[in-house]
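A quick write-up on the structure given underneath.
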Amino acid sequence: MTALTRILSTTAFKLAAIYLTSFTALSVFLFIFISQNTDDLMNKQVVQTVDAEIQGLAEQYAQNGINGLVVGVERRVRSPNSNLYLILDYSGNVITGNIAYLPEKVLSVSDGRIQFVSYTPLGFAETDQNKAKAIVRIFELPGNFKLLVGRDLEDQVHLKSLLGDALTLWLVGMVVLAGITWFFLNRRILKRIDNLSMSSRQIMEGDLAGRLDVTGNGDEFDRLASNLNVMLDRIEELMKGLKEVSDNIAHDLKTPLTRMRGRVEAALRQNLSEDEGRECLEETLVETDELINTFNALLRIARVEAGSTGAELQSIKLGNIVKDVCELYEPVAEDDGVEFSVSLEDEPVIEGDRELLAQALANLIENALKYGRPTEENVKPTIKVVLSGNDEQAILSIEDNGAGIAAADRERVCNRFVRLDSSRHAPGSGLGLSLIKAVVTLHHGELQLTSAGTADDSESDEQSGLRARIVLPLNRGQRGEGEGNEAWDKARKKNATS
């Protein structure tokens with residue numbers, strides 16, 4: 001594609017051509033309209049002037065006859081104006097007037113009708129250059145005399161010429177201005193599109209960290225680039241998550257699979273009794289179930305992160321979920337000797353999925369039951385579940401008095417398959433906090449891990465238990481009508497189509 005073809009095929013050029021054609025057609029129409037109406041108006045005024053002159057000459061003719069008419073015409077001819085007069089005798093000879101030449105066919109029409117004629121003024125040679133336009137009336141008088149009264153149209157011709165020159169100048173200026181505007185506009189648009197195309201090619205070639213340029217002008221290209229960049233951020237995040245899952249599966253699932261294979265090989269090499277063989281199969285079945293549970297957890301995390309869980313986002317009272325889940329775990333905590341307390345300081349209403357939120361809370365309580373044991377002897381383990389809130393957020397806090405998590409590990413522990421050394425003695429796959437974080441992120445909230453004995457925003461490394469806080473935005477109705485939540489609109493639409 002040549003450069004000219006590329007330019008002619010652009011939307012900017014097509015729009016410029018449409019606008020230029022439209023304005024040109026409108027300008028020509030206006031010129032014709034104005035010129036025609038102006039010409040008609042001036043012709044009417046000319047005819048009125050001619051009729052007034054005829055009326056005056058008719059009165060003189062009635063009073064003094066042909067001689068008085070000649071005297072009146074001669075007096076008018078000597079006055080400098082645009083009126084035309086001519087008196088001819090029965091032979092066609094000029095008696096008086098200010099017209100040097102007039103076509104014979106014009107003189108043959110002597111019934112007084114309006115005629116638009118070309119004539120040669122008195123004192124000029126009979127050439128095309130000296131011809132002028134006029135409106136005349138010709139009357140035949142007794143004795144075969146003829147009287148011509150008219151008016152020169154030089155003013156009208158000059159006005160038409162001025163209008164034509166103005167239209168030409170306007171069209172030329174409009175074309176030049178349109179060309180200049182199109183040049184700069186087209187150049188700017190093509191440059192932006194080329195930049196977007198170049199960035200897109202780099203991203204398609206594998207540079208997922210690349211982003212489209214945003215100039216900050218706030219125009220449609222910036223809005224498009226910003227939306228595409230948000231989409232690319234999401235794609236990069238999903239690809240990174242996919243890579244992490246693949247790496248985790250390759251490393252963390254290799255060990256149990258290898259252990260299962262070793263157990264099966266050992267069973268095949270040994271002459272096991274029926275009971276020993278059954279025991280080996282049961283152990284293998286347990287590990288198989290653990291692997292299936294791990295894969296199910298990975299699949300659920302992936303679906304939650306991708307927003308394809310089919311979750312029904314609706315207005316729910318978070319306090320009801322907390323009551324139901326805590327009622328299930330109170331007997332378990334009591335059997336384990338754990339002091340379990342629940343405090344509902346507020347009754348916030350949020351918009352979310354009941355099942356996912358209940359599972360997130362259950363996972364946090366299970367983690368506290370498994371790993372929230374105090375390191376000191378004769379200290380009773382405690383778990384506190386507190387629901388509170390403010391004008392903007394609902395805050396669900398689960399606190400224990402166990403060993404806690406070091407500040408350096410609090411972000412890392414939410415990744416898949418991450419298990420701290422202090423928790424490797426307990427069963428688990430290291431996916432619980434990953435699922436909780438995915439659920440909280442789906443609800444556009446935040447998962448915060450801090451030490452139980454410090455302030456909520458403290459970065460202290462003191463491991464005096466663990467406080468896990470889920471911070472969720474309130475339902476827009478509870479926050480007040482008129483306050484928007486664009487993230488919830490997107491989540492609702494996305495889940496409605498899942």
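Atom CD1 of Ile405 sits about 7.5 Å away from atom CZ of Arg410, to the nearest 0.5 Å. Taking CG of Leu163 as the start and CD1 of Ile32 as the end, the distance is 12.0 Å to the nearest 0.5 Å. Distance check: Gln448 CD to Ser397 OG gives 9.5 Å after rounding to the nearest 0.5 Å. Atom NZ in Lys131 sits 10.0 Å away from atom CG in Leu102 (nearest 0.5 Å). Separation of atoms CD (Gln156) and OG (Ser161) is listed at 13.5 Å; rounding is to 0.5 Å. To the nearest 0.5 Å, the span separating OG on Ser35 from CG on Leu30 amounts to 12.0 Å.
Arg137 has no carboxylate O lying under 4.0 Å from a charged side-chain N of Glu53, or vice versa, which leaves the two without a salt bridge.
With a 4.5 Å cut-off on side-chain heavy atoms, Asp233 and Arg211 count as touching. Residues His443 and Asp353 have side chains in contact (heavy-atom distance under 4.5 Å, counting atoms from C-beta outward). Proximity of Pro473 to Gln393: side-chain heavy atoms (C-beta onward) are nowhere separated by under 4.5 Å. With a 4.5 Å cut-off on side-chain heavy atoms, Val71 and Gln60 do not count as touching. Side-chain contact between Arg78 and Glu74 is present, with at least one heavy-atom pair separated by less than 4.5 Å. When side chains are defined from C-beta on, Leu69 does not count as touching Phe145, because their heavy atoms never get closer than 4.5 Å. Side-chain contact check for Leu107 versus Ile138: some heavy-atom pair is nearer than 4.5 Å. Two residues are said to be in side-chain contact when any heavy atoms from C-beta on lie closer than 4.5 Å; Ser82 and Thr49 fail this criterion.
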side-chain hydrogen bond (donor to acceptor under 3.5 Å, both in side chains) assessment of Arg75 paired with Thr96: CA-CA 10 Å; Arg75 185 170 60 250; Thr96 185; over 6 Å; no
_If you apply the rule side-chain contact (heavy atoms from CB on, under 4.5 Å), what do you find for Ser118 with Lys133, and how did you get there?_
CA-CA 5 Å; Ser118 297; Lys133 301 291 184 180; 3.3 Å; yes
Using the rule given for side-chain contact (heavy atoms from CB on, under 4.5 Å), can you reason through Leu357 versus Ile350, listing the C-alpha separation, both sets of side-chain angles and the distance that settles it, and then say yes or no? CA-CA 11 Å; Leu357 291 173; Ile350 65 170; 3.4 Å; yes
Review point. Hey, mind stepping through Leu228 and Ser200 against side-chain contact (heavy atoms from CB on, under 4.5 Å) and telling me if it holds?
Key: CA-CA 10 Å; Leu228 290 176; Ser200 300; 5.9 Å; no
| Should Asp324 and Arg354 be marked as a side-chain contact (heavy atoms from CB on, under 4.5 Å) after you check the CA-CA gap, both sets of side-chain angles, and the distance that decides it? | CA-CA 11 Å; Asp324 293 342; Arg354 180 183 180 86; 2.3 Å; yes
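No donor-acceptor distance shorter than 3.5 angstrom exists from the side chain of Ser315 to the backbone of Glu351, with no hydrogens or angles considered. In this structure a side-chain-to-backbone donor-acceptor pair under 3.5 Å is missing from Arg469 to Ile395. Between the side chain of Asp89 and the main chain of Asn93, a donor-acceptor pair closer than 3.5 Å is present. Listed for the Asn229 side chain is a donor-acceptor partner under 3.5 Å among the backbone atoms of Ala225. For Asp222 (side chain) and Val214 (main-chain N/O), no donor-acceptor pair under 3.5 Å exists by modelled atom type.
Between Ser388 and Pro348, the shortest heavy-atom distance links the atoms O-CG, 4.3 Å. For Ala125 against Asn130, the heavy-atom pair with the smallest separation is O-ND2, 3.0 Å. Closest non-hydrogen pair, Val439 versus Leu356, comes out as CG1-O, 3.6 Å. Shown here for Pro121 and Ala100, the closest heavy-atom pair between the two residues is O-CB, 3.3 Å. Minimum interatomic distance between Ala134 and Leu84 (heavy atoms only, all atoms of both residues): CB-CD1, 3.5 Å. When every heavy atom of Leu171 is checked against every heavy atom of Ser27, the shortest pair comes out as CD2-CB, 4.0 Å.
A 6.0 Å sphere centred on CZ of Phe23 holds no more than 12 heavy atoms belonging to other residues, nucleotides or ligands. Enclosure of atom CD in Glu345 by more than 12 non-hydrogen atoms of other residues, nucleotides or ligands within 6.0 angstrom is indicated. The local environment of NZ in Lys317 is sparse, with at most 12 non-hydrogen atoms from other residues, nucleotides or ligands closer than 6.0 Å.
The side-chain contact (heavy atoms from CB on, under 4.5 Å) test with Leu396 is passed by exactly one of Val385, Val386, Leu472: Val385.
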